[in-house]
Amino acid sequence: MKIRPYGDTLNDGLVQVSFTLPIALSAKATQAAKELAKNMGLINPSVVHSEEIGKNFSFYIIYGALNAFVDLEKIKVKELEKSSKSKKEIEEIIKNNFKKDIVVIGASTGTDAHTVGIDAIMNMKGFDGHYGLERYQGIKAINLGSQVSNEDFIKIARKEKADVLLVSQTVTQKDVHLKNLVDLVELLESEELRDKVILIAGGARINHELAKELGYDAGFGPGNFAEDVASFIIDELLNRKED
Amino acid sequence: MKIRPYGDTLNDGLVQVSFTLPIALSAKATQAAKELAKNMGLINPSVVHSEEIGKNFSFYIIYGALNAFVDLEKIKVKELEKSSKSKKEIEEIIKNNFKKDIVVIGASTGTDAHTVGIDAIMNMKGFDGHYGLERYQGIKAINLGSQVSNEDFIKIARKEKADVLLVSQTVTQKDVHLKNLVDLVELLESEELRDKVILIAGGARINHELAKELGYDAGFGPGNFAEDVASFIIDELLNRKED
Amino acid sequence: MNKLNLNNEMITSCRNYAKSIAKDVQAYINKHSTVSVERTVLRLLGIDGVDKFDVPIVNRLVEDVKENGDISLGISIYIASALKATNKSLNDYLEAYFDSRDSLTSYNLISKSEVKKILKPYYEKNLKKITKNREIRSKLINKFGERKTELYVIVATGNIDEDVLQAQAAARAGADIVAVIRSTGQSLLDYVPYGKTTEGFGGTYATQENFKIMRQALDEVGGELNRYIKLVNYASGLCMPEIAAMGALERLDVLLNDSMYGIIFRDINMKRTFIDQYFSRMLNSYSGIIINTGEDNYLTTSDAVLEAHTVTASQFINEAFAFEAHLPEKLMGLGHAFEINPNIENSFLMEIAQAQLSRELFPNAPLKYMPPTKHINGNIFRAYQQNALFNIVTNLTEQKIHLLGMMTEAIHTPFISDRYLAIKNAEMVQQSMKSLADEIVFKEEGFIQKRANKVLKNAHSLLKEIKTEGMFKTLEKGVFAETKRAENAGKGLDGVFEKSTNYINVVSAELEAYFNEN
Amino acid sequence: MNKLNLNNEMITSCRNYAKSIAKDVQAYINKHSTVSVERTVLRLLGIDGVDKFDVPIVNRLVEDVKENGDISLGISIYIASALKATNKSLNDYLEAYFDSRDSLTSYNLISKSEVKKILKPYYEKNLKKITKNREIRSKLINKFGERKTELYVIVATGNIDEDVLQAQAAARAGADIVAVIRSTGQSLLDYVPYGKTTEGFGGTYATQENFKIMRQALDEVGGELNRYIKLVNYASGLCMPEIAAMGALERLDVLLNDSMYGIIFRDINMKRTFIDQYFSRMLNSYSGIIINTGEDNYLTTSDAVLEAHTVTASQFINEAFAFEAHLPEKLMGLGHAFEINPNIENSFLMEIAQAQLSRELFPNAPLKYMPPTKHINGNIFRAYQQNALFNIVTNLTEQKIHLLGMMTEAIHTPFISDRYLAIKNAEMVQQSMKSLADEIVFKEEGFIQKRANKVLKNAHSLLKEIKTEGMFKTLEKGVFAETKRAENAGKGLDGVFEKSTNYINVVSAELEAYFNEN
Ligand code: B12
Ligand code: B12
Ligand SMILES: Cc1ncc(COP(=O)(O)O)c(C=O)c1O
Ligand SMILES: Cc1ncc(COP(=O)(O)O)c(C=O)c1O
């Protein structure tokens, strides 16, 4: 099925765009904004608002019809098939399949001080009514908090014999998170630990596809809770056992 | 000078886009939104928000860097050089150059019932502190109001020996205004009146370039007042006198 | 509700002036009828459909009498006489009519009482259907409940199928009321288009079939959501009573119904539309349909600070007109609006004053509160904020019918996402400020109280003036929306006629009997 | 200002508890110093610059003493002794120092009074510069005036040149205060980077040169606009007093300065940062710089409904700490925030209660009111509305330092257009609701009054508890932002040392003398 953006009628293609140009407002500048919109594939773009927002800066709001379709059949997403088990089910599976507790270590790494995300997954109280991993029987959850260097993280992982590493990254400005995440993978590899753990990333701008690309086993963005992560962990551990 | 959209750093190219897709929210749908954004020329588009907005409709907000420049040197705008005289100056010029009052007839034509725009230009009290043409000495301003058919408009123009016709169009849905505006030009031509009047269009979505394309002498959008229109009229009448 | 310290004597005096103004006009109305009133009678006899040139049959019949008979007698007598003379059922007669080309005026006219007898089965059937609709509505509302403030959105794609999708999406998102905007210019047509339509400009044609399609779609989604979703359309215009009848038959819940709007913004002749309005409002009352009046529109043309009192005065007059047509307060959706330039100092306080004033003057009316439109520009973020401010005033002054503002008001009729976002905006305000109205008191003799009292005082003076000059003269002077309209100009005057002493209108007779009883 | 009917005795009792809590900590502080305090002394003697490895000279000198001497005596005595022994000016001595590689500890230590005599010309010069800056600021503010509520925005491009463009654009758009956000992680550096910088992550490095560049840019645009544009940076972190000194020298106007933030959100050792805070706040007081505290941050981690009282308790404690450091109320920009989930019923009323409570508890403090952040998501329209609601509460409760929320809060540090739109949002509220605060009264014993009194009561209980347990234990328990921090863990502990009885700090001695006089 081919689809297009929808304003108020099927296939009208209507989209809204806004941006700033680093020049003062003028008829010419407005025309430049229109040209850019055309360049984006909008037919008949209409500059519905333009405003000077500081010496030599002007802001534009544009509506126009996008002259492009996307073919849904051709879209492949590396989507995590969520098995979405409940806390109870997960605890049951662990009890029946594993002799000792699964050790999960989490941290917000690098200079990132955002802990709310990793806490949401790990802490007792959890998030939005979903209990965190600390409350799961059969899981030993160790939350190292924020600003943990990759080196310290690995040191503790080794000491605690971690089965699973959870990395949270929130600050994405200038793609610092990518660097941090890749560094960890490299460090793990050089210490020959990469294959011994399940490595999972998470954060506001993380998704499964991105995480896979960076060499992680999975990635979780907003809207995921402890049970989603635990489900993945269990499935993956059982899988690896079989191999 | 080549320029690009500006987020917070020169040439970062950052733009904001939003649209709806006529499918339910899913990872695939979000990917489709991203593909469309790429299709618009955005590199690394980031879907910062997605939301189901009704069965089979989902809404997306995207930020990304536009991989395109626009060359300001190459942009040509048919901009009206506003001579921008004051009411007083205009009245003075009329007094010195024309023997009789300039007859200006205005209307909101077709089924368009929006009069605020044409009133802003014509009525005594004007708009935003700018008096309308009715208050100008040397101008006989006749405002026919709204919903005037093109036929009636021309009939009255002929009767009043109009020098200038002002047409206001506000309803632009499905481009009705274009049809209405073009019809008037054709009617005037078939009645051999087109060359005898100055023909001016105005309205929220009218600009000079569009008006010229449609066969008008000038077009005025938001932010224009009676003195801008009167200045153009005077200049044009003096010009035509010289020829 | 008493937050403004209003002068009760002044309010009573306003009501008295308004009553006298309306009675004056009513005296004129009582002596006249219009082609659309007569067409409405036909519709309520069950006549529908169009001829091969797409002219509605009701128009054909009334035109026939106008040309070949004496329309001042009303259409009822002609149709009854024809049935009597041909001894046919209405349907059979109409078939024969179009085959034969015989005029409807070809038959001997029968007596008034015979007219009534012959037509009774026909109009009774339809009035019963209307009564049934009223009952269904009541039942559903009783079952599902009704919110204190109802969120009202419009759909306006021009295509009824697309409208349906969007109306259902809106209901799912939280809308309580959906209005299908009419195509630009329909209100000037002296007939009602027929059948399902998928092409309109800035709106979708109001046809009975489109009403039916949308009613069904809303019932469907309402059932799914366990809510009753109200349906709105527009009656004001040259076919006011016809649309009132169609709306009644298809269980619409709200109709925009205001002569003043037609006169001022559509240049419809005042006599024509006052007569039409009376009959249409009686129908609204009978069918339990809420009317919406258009005072809000004045402020899209005039200055909302200086001319606020014209809204208030007009509300009083519209209330009086509605009472004349037997409309109970609970069906009077009088209009007002949030239209002050937000750049004006304390404009928000003035908006509170105005909204609270309307609330206190008409405590039992389901007021229709309109969002900012005039001072919205293409800056959709700014517009979203203005709508939030508007939503707050609604909440603070406990309005009933809450028309949601769109962030793209200055650009286009709403996209599906605009509407969704508008609903979420209102919901955030409703939720986060739930008890604000109860919590907050205005300072005694403060800015808000002073403003409200001033507007009331100016409305009072204006009503006094109108009472002296009369409604027609007032409209000629351009008091409302600064728009001047002459008594004998404007569209549709040729459809007005004086009633003969023998005039008979079987439907209005029935309705009046009903109102006298109830 | 008395809209909440607060219990005055309870307020006094809160203040007494807080005073006792602060005095406890102060007893510890008085006995200790830190490497950053000592580096600050050096900076105020006029030492600046870096060595060839980009290590700041002040760090080199303090490290030298730490390794080779007895830092418990303080740095002052070492530097004075060196000058005395070498008979050089400070500049000449430093040049020789780097050439010779002789330790700063190589000289005979002189007496306290001699130390003071020798260093006086140096620190006096800089303290005079600071005094001069304070005077310039006062003069400009007197000349241009100051708004009742000041609009505060951030720039955070990482590049000081880009920051300048955007700060100036913001000022032109209407901002009164501009903060240059620091690069992520700078607060954990135990030195202050040097020179102009154009690369940072999520912010721009706080360096003295960058301060100077921005100060000049704001003075320039302020002159053009006839307004004084205030400049903000961040002191909290391992270099708190050094940044306080640099800010004083470059005429910053506001500094984020709060140990609690560093402890909780940056895992900085509590002892280290309490000591640093004391000295840095004395400097702030001397230089007339407003401090901003970070209570708002608690609610980004904890639930804003349940933990509101932790903010209030912390404000009382921060006030008490500030008084210890001789900071007058008019420089206490205590923090609070609008962070309740907007989907919660009556959340807006709770926000009003909290904001008004802060206002009434600290009537003379220029409170810093923070916008919603936690419950902002990628829906920029929704965010724009949330910011409007926040702006309304600011207006209604008459806050002083009004941090503008950005519609892209959940996405990136602000684009130039985000900031512009945020300012316009605030301005629309300020203008359209100008007199709202004066106009509106809260119901007696209503939802708002009850909520405010409840928060105050809970804060009171908490303060009582803290008084009993002590501050260090409280932090170990994780009372604030549900974050537990151990007394002897966290960053920077190795920079803390007990002062010898012979310890001397020429600057703090001078400041204390000044405060005793004034
Ligand atoms: C709270 C907050 C803070 C708090 C953090 C407190 C704390 N204890 O964490 C404080 C106030 C300390 C703070 C400070 C700063 N912040 Co901050 N902060 C935020 C804020 C408001 C909310 C983030 C949050 O808690 N979200 C809620 C959680 C639950 O969502 P989440 O993290 O996405 O987590 C979910 C999923 O992603 C997933 N998940 C997350 N991690 C993981 C890990 C694993 C393994 C898995 C499986 C899943 C998972 O599960 C969670 C539940 O579904 C955001 C803005 C916003 N509204 O998003 C800015 C924001 C993230 N901060 C930002 C910045 C820049 C900073 C500072 C650097 C500013 C400065 N220069 O001073 C500082 C320093 C912090 C640092 N160096 O890291 C920027 C980042 C910009 C960018 N794109 O890079 C943001 C976007 C604000 C902005 N627009 O500027 N911040
Ligand atoms: C006021 C208004 C009305 C009033 C009009 C009252 C009146 N006396 O004019 C009322 C309430 C009656 C009305 C009705 C309708 N409206 Co209306 N209305 C507006 C509104 C809110 C403001 C327009 C306005 O007055 N602007 C102020 C004036 C001063 O600006 P302006 O017209 O641009 O004029 C300036 C310049 O353009 C220029 N100018 C204008 N004309 C001319 C002419 C000449 C010769 C020159 C030189 C210059 C010039 O000078 C002026 C001063 O600078 C807009 C939304 C908005 N905020 O823009 C919707 C809007 C225009 N309406 C709209 C619609 C659809 C309708 C209806 C059709 C809805 C319906 N189906 O019922 C009806 C019917 C009207 C019809 N058939 O025309 C749509 C149009 C959508 C579109 N893009 O086509 C809008 C955009 C709202 C929306 N989003 O749906 N409307
Ligand atoms: C009372 C009333 N009637 C009718 C309408 C719509 O009329 P039309 O279909 O003529 O645009 C409006 C629109 O604002 C109105 O307020
Ligand atoms: C009191 C205080 N200090 C400092 C900061 C910033 O600290 P950093 O530069 O460590 O991110 C904040 C940020 O919210 C704060 O509230």
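Just so we're on the same page: letters track the sequence lines, and every chain starts at 1.
In this structure, the portion of C:T157 lying under 4.5 Å from any heavy atom of chain B is its backbone and not its side chain. Interface remark: C:A410 contributes backbone atoms only to the contact with chain B (heavy atom separation under 4.5 Å). Contact annotation for B:E52: only backbone heavy atoms (N, CA, C, O) come within less than 4.5 Å of a heavy atom of chain C. Interface remark: C:E199 contributes no atoms to any contact with chain B (heavy atom separation under 4.5 Å).
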So B:K55 and C:E224, side-chain contact (heavy atoms from CB on, under 4.5 Å) or not? Walk me through it. CA-CA 12 Å; B:K55 221 164 151 182; C:E224 188 186 308; 4.2 Å; yes

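Taking CD of C:E482 as the reference point, atom CG of B:N123 lies at 8.5 Å (rounded to 0.5 Å). Once rounded to the nearest 0.5 Å, the distance linking CZ of B:F19 with CD1 of C:I416 reads 14.5 Å. Residue B:T115 holds its OG1 atom at 11.0 Å from CD1 of C:I264, rounded to the nearest 0.5 Å. Separating the CD atom in C:Q168 from the CZ atom in B:F57 is a distance of 10.0 Å, to the nearest 0.5 Å.
Under the 3.5 Å distance criterion, the side-chain polar atoms of B:Q147 are matched with a main-chain donor or acceptor of C:R266.
Residues C:A169 and B:I53 approach most closely at CB-O, 4.0 Å, considering heavy atoms. C:F201 approaches B:K174 most closely through the heavy-atom pair CD2-CB, 3.9 Å.
Highest contact tally toward chain B, considering only C:T483, C:I423, C:I411, is held by C:I411 [criterion: heavy-atom pairs under 4.5 Å]. Comparing C:D267, C:L188, C:L165 by how many heavy-atom pairs each has under 4.5 Å with chain B, the most go to C:L188.
Neither side chain, C:T184 nor B:Q173, offers a donor N or O lying under 3.5 Å from an acceptor on the other.
Other residues, nucleotides and ligands contribute over 12 non-hydrogen atoms within 6.0 Å of the CD atom of B:E160. No more than 12 heavy atoms of other residues, nucleotides or ligands sit less than 6.0 Å from atom CG of B:N44.
Proximity to chain B at a heavy-atom threshold of 4.5 Å picks out C:T300, C:T301 from residues 298-310 of chain C, in numerical order.
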